[in-house]
2 protein chains.
Amino acid sequence: MGLRERKKEKTRLAILDAALDLFLEQGYESTTVEQIAGAVEISPRTFFRYFTSKDHLVLWFHEHGEQLMVETLRSRPQDEPPFTALMHAVRAVLSDMEDSTEDEHQRFLKLRRILDENPQLIGQSVARGAGTERRLAELVAARRGVDVDTDQLSHLIVAFAMSAMRVGFECPRRDGSMPEITGRMTETIELAERSLRPGWDL
Amino acid sequence: MGLRERKKEKTRLAILDAALDLFLEQGYESTTVEQIAGAVEISPRTFFRYFTSKDHLVLWFHEHGEQLMVETLRSRPQDEPPFTALMHAVRAVLSDMEDSTEDEHQRFLKLRRILDENPQLIGQSVARGAGTERRLAELVAARRGVDVDTDQLSHLIVAFAMSAMRVGFECPRRDGSMPEITGRMTETIELAERSLRPGWDL
DNA sequence: ATGACTTATGGCACACTATGACAGAAAGGT
DNA sequence: ACCTTTCTGTCATAGTGTGCCATAAGTCAT
């Protein structure tokens, strides 16, 4: 990796960390892009070259997770029931979180506190992820051999899976360390699986 | 109702209709508040007194529906299982739609086409409705006699119910008349009810 | 009707997010 | 050193959204 790319990544993380801290200090809404840019000594214009919007700062995580879910779903055996496959995809996101560095964990914990204080941001992630959900529904419909445009169950399967993931993510109990949180998210996933009638997603 | 209030309601609907038509003609993003205000001959400043934001134009419907859900959930017998009560609340929203005027139906159909072309707006409604979902979760937790801050199932029940409603709302098959659509939404609700294990929400 | 009171409106200034265009700085390869 | 590619800052601009104040319109007395 060249100096250029290393510097870029460093700047990206500097922006992210400065922003997360400012959001925690003075709130998401009352923090301006100008302040964030000032804190890392770049111009506001440059900020928008690293993050397409202010939202993007807190949504990069969901974006990454959703992408990972699509990839995992694609790689699961085609004869696996769709909801089961989706739950594996959710678990893949969890594993990815557990395997990341300590710095990433800290960012994640900060992020959770910010999302906790700004619930509308969680919805924003749904807004951003509309395309991803559509793609997941297409993959599920393909597995079930139905047309994604007319089959409601395919959409419902994806919607339930994403609900489980979101509830797990918000998971009550805002404080706590990383293993506590992932453990709790696993519980939520299992709870969702237990709640559904066996074979409902065939 | 005085002249003042009647005039206000008339202006409100004029703005709404002009906006929906402009959105359909030239897209949501490329329509500006200035254009909408111009079409109904009011100042942009006045527009923001009728609708708090541009989003609000397409989200007023969800807002109304969610408020109705909260009210309905409150009025259902306390010993009814929470998910059943929530499904009654969803049906209440459907009935409310069916009972509204022909003009309202037309607005709803236009709105659906706009949301269909701008999926991110559906997510926006989730963002806006974050507070409502929280309130619903509190009501469900109260029914179940648990603490909303620590009980995951209460959140999952609400999330599943809202998922069912959203899937029904987007319901594949974008064309179609009002009774076709509400019929299809009813199907979705029943599908969701069948998918869950009896007694899962106790 | 006239006047007093309340509320709606328009115009103005302003803050913030976001994007396009262009020039100059930094990094890479030769 | 040279040239190319990429990144950065500055400037200009569009669009959303809000506070403030003067004015216009609706409301309600007498």
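In what follows, every chain begins at residue 1, and chains take the letters A, B, ... in the order their sequences are listed.
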Notebook entry, point to check: For B:R143 and B:P77, which heavy atoms make the closest approach, and how far apart are they?
Noted result: NH1-O, 2.9 Å

Notebook entry, point to check: Taking only side-chain nitrogens and oxygens of A:Y50, does any of them come within less than 4.0 Å of OP1 or OP2 of D:dC7?
Noted result: no

Margin query: Ring centroids only, cut at 6.0 angstrom: are B:H56 and B:Y50 within range, meaning strictly under it?
Written below: no

Margin query: Could you check whether the side chain of B:R45 and the base of D:dG19 have a donor-acceptor pair of N or O atoms closer than 3.5 Å, going by distance alone?
Written below: yes

Note to self: What is the separation between atom NZ on A:K54 and atom C1' on D:dG17, rounded to the nearest whole Å?
What the structure shows: 13 Å

Next item on the list: Take the C1' atoms of the five end pairs on each side of the helix from C:dA1-D:dT30 to C:dT30-D:dA1, derive the two axes, and give their angle rounded to 10 degrees.
Entry: 20°

Notebook entry, point to check: Heavy-atom contacts under 4.0 Å between residues 6-16 of chain A and DNA chain C, which residues?
Noted result: A:K7

Margin query: From CZ of A:F51 over to C1' of C:dA18, roughly how many Å is that when rounded to an integer?
Written below: 16 Å

Notebook entry, point to check: Using a cut-off of less than 4.0 Å, is there contact between a side-chain N or O of B:T46 and OP1 or OP2 of C:dG10?
Noted result: yes

Margin query: Check this for me: does any side-chain nitrogen of one of A:E138 and A:R134 sit under 4.0 Å from a carboxylate oxygen of the other?
Written below: yes

Margin query: Classify A:S30 by what it touches in the nucleic acid, base, sugar-phosphate, or nothing, heavy-atom distance under 4.0 Å.
Written below: nothing

Item checked: First encountered from the 5' end of DNA chain D, between A:F47 and B:T32 -> A:F47

Notebook entry, point to check: Would you say the ring centroid of A:W200 lies under 6.0 angstrom from that of A:F83?
Noted result: yes

Checklist line | Cationic N near anionic O, under 4.0 Å, B:K110 to B:E25 | finding: no

Note to self: Please report the distance, rounded to the nearest Å, between CZ in A:F48 and P in D:dC7.
What the structure shows: 18 Å

Item checked: Neighbour count above 12 (heavy atom, 6.0 Å) for A:E41 CD -> no

Checklist line | A:R128 side chain near B:Q120 side chain, heavy-atom distance below 4.5 Å | finding: no

Check: What integer distance in Å separates A:E34:CD from D:dC11:P?
Finding: 14 Å

Next item on the list: Take atom CG of A:L59 and atom P of C:dT17, then tell me their distance rounded to the nearest Å.
Entry: 16 Å

Next item on the list: Examine the base of D:dT6 for any acceptor or donor lying under 3.5 Å from a partner atom in the side chain of A:R49, and report the outcome as yes or no.
Entry: no

Notebook entry, point to check: Under 4.5 Å between any side-chain heavy atoms of B:T132 and B:Q67, yes or no?
Noted result: no

Margin query: Students often mix this up, so state it plainly: with edges at 30° and 60°, are the rings of B:F108 and B:F169 parallel, tilted or perpendicular?
Written below: perpendicular

Check: The side chain of B:I42 lies closest to which of these nucleotides: D:dT16, C:dG10, C:dT17?
Finding: C:dG10

Check: Which value, rounded to the nearest 0.5 Å, describes the distance between B:E193 atom CD and B:L86 atom CG?
Finding: 10.5 Å

Next item on the list: Can you tell me the distance, in whole Å, between the CG atom of B:L3 and the P atom of C:dA8?
Entry: 12 Å

Next item on the list: Would you kindly compare A:S53 and A:G2 by the position of their nearest DNA chain C nucleotide and give the one closer to the 5′ end?
Entry: A:S53

Margin query: If I take atom CD in residue B:Q124 and atom P in nucleotide D:dT16, what distance separates them, rounded to the nearest angstrom?
Written below: 13 Å

Item checked: Closest nucleotide among C:dA8, D:dT5, D:dG17 to the B:R4 side chain -> C:dA8

Next item on the list: Let me know the distance between OH of B:Y28 and P of D:dT16, rounded to the nearest Å.
Entry: 8 Å

